[in-house]
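What follows is a short report on a single structure.
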Amino acid sequence: MRTTEYLLATQKESPAEAEIISHKLMIRAGLVRKLASGLYTWLPSGLRVLNKVAAIVRDEMNKAGAIEISMPVVQPADLWQESGRWEEYGPELLRIKDRHERDFVLGPTHEEVITALIKNEVSSYKHLPLNLYQIQTKFRDEVRPRFGIMRSREFVMKDAYSFHLGDESLEQTYQRMHQAYCNIFERIGLEYRPVIADSGSIGGAVSHEFHVLADSGEDDIAFSDASDYAANVELAEAICTDARPGATQALEKVATPDAKTIESVAEQLKVNQTKCVKTLIVKADEESEYDFVAIVLRGDHQLNDIKAVKHPLVASPFQMADEQAVEKTLGCKFGSIGPVGLDLPILVDRSAATCADFICGANEDDFHYVGANWERDVSDFEVVDLRKVIAGDASPDGKGTLQIRKGIEVGHIFQLGDKYSKAMGCGVLDESGKHQILKMGCYGIGVTRIVAAAIEQNHDDYGIKWPQAIAPFEVAIIPMNMHKSHRIMETALKLYADFIAENVEVLFDDRKERPGVMFNDMELIGIPHSIVIGERNLDNNQVEYKNRLTGEKTLINIDEVLAFVTNQ
RNA sequence: CGGUGAGUGGCGCAGCUUGGUAGCGCACUUGGUUUGGGUCCAAGGGGUCGUAGGUUCAAAUCCUAUCUCACCGACCA
């Protein structure tokens, strides 16, 4: 490809709204352009990358025994009514009407369509298991599209759905997909982690997310420094094996004027925050006889509301209590609440439960207790895992300690069970001629998101540093002053022809531009290899090779260029 | 949905308080200059000032409504 016949579309400045580096670079490098909120046009360079990612995904899916199909973007509403998601899904599901006033949706995912398909097409256990996938555009009407392609409304996703007669078969395919996903991210060349995930509202027992590690990620991932254990922080178990020391102090009420936070309490009493516990009041489940539930955490720990909401006493969805309502019931403000003498169900985090001689609110404004102890001063409470894990915690699998990194979710696999197949009556006849509802798995990869995630993980001050496997071009030819020098033009044209003949994806910068402009553009776009042709080196029958990833520069003989680059 | 802010040429912005010829940088076109890291000089082209209504002799500027977008939060997986 010649730059003069191409839509390079690089820019010096990025739009003001671009927040994260991948968004800025995707605009500047001419990969995408925004059409409207959350909607992007893919320019030639961007599409090349996207297609490469898709090709790797497709290849690994095929190898793992999945079969490609393509389903419609527009889906009839009655399928969604059948599965119950017409009501469940909420405003993220874009609903449209056709000319006959019939309801349709723009597909955010395809469980309904595929389940309806299999229900009609497969009627015998002999045809199972089956794993079908597509790489296709999805639409989710996100509340707040942001970070460019990272969270857009329209995006490309690979979604696979597997069907099984029993859990064992489902488990096998699930493991196979897990491995295929690892292969995909290895091949693309990204630092990633499969993490144990919350299966959320979709239900089902087992679920893993695949995260690309990058500081701009929206999720916190906890992983062991000594084993394969990795989990979303929302889910990572906080274990606490410490035994609680015996009480040595008497309970004593002290004045703590205006101390409304753990920091100020710790400061006023000149103790470490770990000596304090904090008591949070949350709304109780409607079935409960209480309005509120008290949650006690060690002073330096944070509540994990995903864990809390799983407790039967806690209202779902999770809601913090209103301070005025609490003051009315308990007679003091948030900052002075404590478990001692508290007439509410008390859930104590495992770590807080091992505190002795601790400090807590006295349920009286501007007063705290010191020397409080479980059992002796608070008799009725339940110990639960409630806090967010922090770096340095012991790994739940008993090996090593946890580290926390930010991750970008690029894949998610679920064992769905029979949620959709049951709702839609999708089953087959088994060996004994009995109708059986199928088990399903579903496996998603955000293809467009991978492009952004790859940039988040691979860039420098000059621009994108594509992993070789997904770079828009493999090599750039950068001639110096070609339009004034016959020798240079001849060399450039010859190299260009050689690369094309060898099927090397080459971008030949034949613009009448200054060298600096070309260097900057090629580095911005992130082409892994460059060949710089200049008069100086041509005298020795040489050109300069530059590696975008390592920054390495070497002089090589013209005759060896092709072999040199293809060997890299 | 709540809070905050912004809509002026393709991109980034000034002008608005105090109404009076729409401006700057980048990009683009032409000529010259320069040529191993975003040269310099000169001359050009391009804008219903988000939209609608109002006030006024006169509105980018003041008033009202409305739309869109962004950021923070909530929500969502």
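Values in this document were obtained by computation on a predicted structure and should not be read as measured data.
In this structure, CD1 of A:I27 is placed 12 Å from P of B:A70, rounded to the nearest angstrom. To the nearest angstrom, C1' of B:A77 lies 14 Å from CG of A:L93. Rounded to a whole Å, the CG atom of A:L39 is 14 Å from the P atom of B:U68. With rounding to whole Å, A:D141 atom CG is found 18 Å from B:C75 atom P. Spacing between atom CE of A:M150 and atom P of B:A77 amounts to 20 Å, rounded to whole angstrom units. The interatomic distance linking A:R28 (CZ) with B:G38 (P) rounds to 15 Å, in whole Å. The distance from atom NZ of A:K512 to atom P of B:U33 is 11 Å, rounded to the nearest whole Å. In this structure, A:F519 places its CZ atom 5 Å from C1' of B:G36, rounding to the nearest Å.
Under the Watson-Crick and G-U wobble criteria, each requiring two contacts below 3.5 Å, nucleotide B:A14 is left unpaired. Pair assignment for B:U64: B:A52, on the basis of Watson-Crick or G-U wobble contacts that are both within less than 3.5 Å. With both pairing distances under 3.5 Å, B:G2 is matched to B:C72 as a Watson-Crick or G-U wobble pair. When both distances must be under 3.5 Å, the Watson-Crick or G-U wobble mate of B:C57 is B:G20. Checking B:U33 for Watson-Crick or G-U wobble geometry (two distances, each under 3.5 Å) identifies no partner in any strand.
Separation of the P atoms belonging to B:U29 and B:U68 is 36 Å when rounded to the nearest angstrom. For the C1' atoms, the distance from B:G19 to B:A59 is 6 Å, rounded to whole Å. Distance check on atom P: B:C16 versus B:G32 gives 42 Å, rounded to whole Å. Between B:G20 and B:A58, the distance separating the two P atoms is 14 Å to the nearest Å. The gap from the P atom of B:C62 to that of B:G45 amounts to 31 Å, rounded to the nearest Å. The C1' atoms of B:A74 and B:C11 are separated by 33 Å, rounded to the nearest whole Å. B:G46 and B:G23: their C1' atoms are spaced 14 Å apart (whole Å). Separating the C1' atom of B:C63 from that of B:U17 is a span of 16 Å, rounded to the nearest Å.
Residue pairs meeting the salt bridge (charged side-chain N to carboxylate O under 4.0 Å, His left out) criterion with at least one partner in residues 439-464 of chain A, sequence neighbours excluded, are A:D167-A:K439, A:D460-A:R548.
Residue A:P15 has its side chain nearest to B:C11 when only B:C71, B:C13, B:C11 are considered. The A:N520 side chain lies nearest to B:G38 when the options are B:C11, B:G38, B:A70. With B:C72, B:G38, B:G37 as the candidates, the nucleotide lying closest to the side chain of A:D521 is B:G38. The side chain of A:M480 lies closest to B:G36 when the candidates are B:U39, B:G36, B:G38. Relative to the side chain of A:V517, the nucleotides B:U34, B:G37, B:G38 differ in distance, and B:G38 lies closest. Considering only side-chain atoms of A:E409, the nucleotide from B:A77, B:G37, B:A70 that sits closest is B:A77. Listed candidates were B:A77, B:C76, B:G36. Nearest to the side chain of A:R536 is B:G36.
Cation-pi contact between A:R48 and A:W42: absent, since separation from the ring centre below 6.0 Å together with deviation from the ring axis within 45° is not met.
For B:G36, the base has a donor-acceptor partner in the side chain of A:N537 [N/O atoms by modelled type, under 3.5 angstrom]. One donor-acceptor pair, N or O on each side, does fall under 3.5 Å between the base of B:G37 and the side chain of A:E523. Under 3.5 Å, the side chain of A:E234 and the base of B:A77 form at least one donor-acceptor pair of N or O atoms. Counting distance only, with no hydrogens placed and no angle test, the side-chain atoms of A:E513 and the base atoms of B:G38 include no donor-acceptor pair under 3.5 Å.
Using a 4.0 Å heavy-atom cutoff across all strands shown, A:K34 reaches sugar-phosphate atoms only and no base atom. Within 4.0 Å of A:E19, counting heavy atoms only, lie sugar-phosphate atoms of the nucleic acid but no base atom. Residue contacts shown for A:E13 include a base, since a base heavy atom lies under 4.0 Å away.
Salt bridge absent: A:D219 and A:K406 never bring a charged side-chain N and a carboxylate O closer than 4.0 Å. We find that A:R146 and A:E19 are not joined by a salt bridge, their nearest charged nitrogen and carboxylate oxygen being 4.0 Å or further apart.
Exactly one of A:L170, A:I118, A:D418 qualifies for a side-chain contact (heavy atoms from CB on, under 4.5 Å) with A:L438. That residue is A:I118.
Aromatic ring centres of A:H178 and A:F210: separated by under 6.0 Å. Here A:Y420 and A:F163 keep their ring centres 6.0 angstrom or further from each other.
Taking 4.0 angstrom as the limit, A:K12 places none of its side-chain polar atoms (N or O) nearer than this to OP1 or OP2 of B:C11. Here A:S37 reaches the OP1 or OP2 of B:A70: one of its side-chain N or O atoms lies under 4.0 Å away.
Residue A:Q11 is the one, among A:Q11 and A:P145, whose nearest nucleotide of RNA chain B lies closer to the 5' end (criterion: closest heavy atom). Heavy-atom distances to RNA chain B give each of A:E535 and A:E142 a nearest nucleotide, and the one nearer the 5′ end belongs to A:E535.
Scanning for salt bridge (charged side-chain N to carboxylate O under 4.0 Å, His left out) contacts around A:K138 gives A:D159, with sequence neighbours left out.
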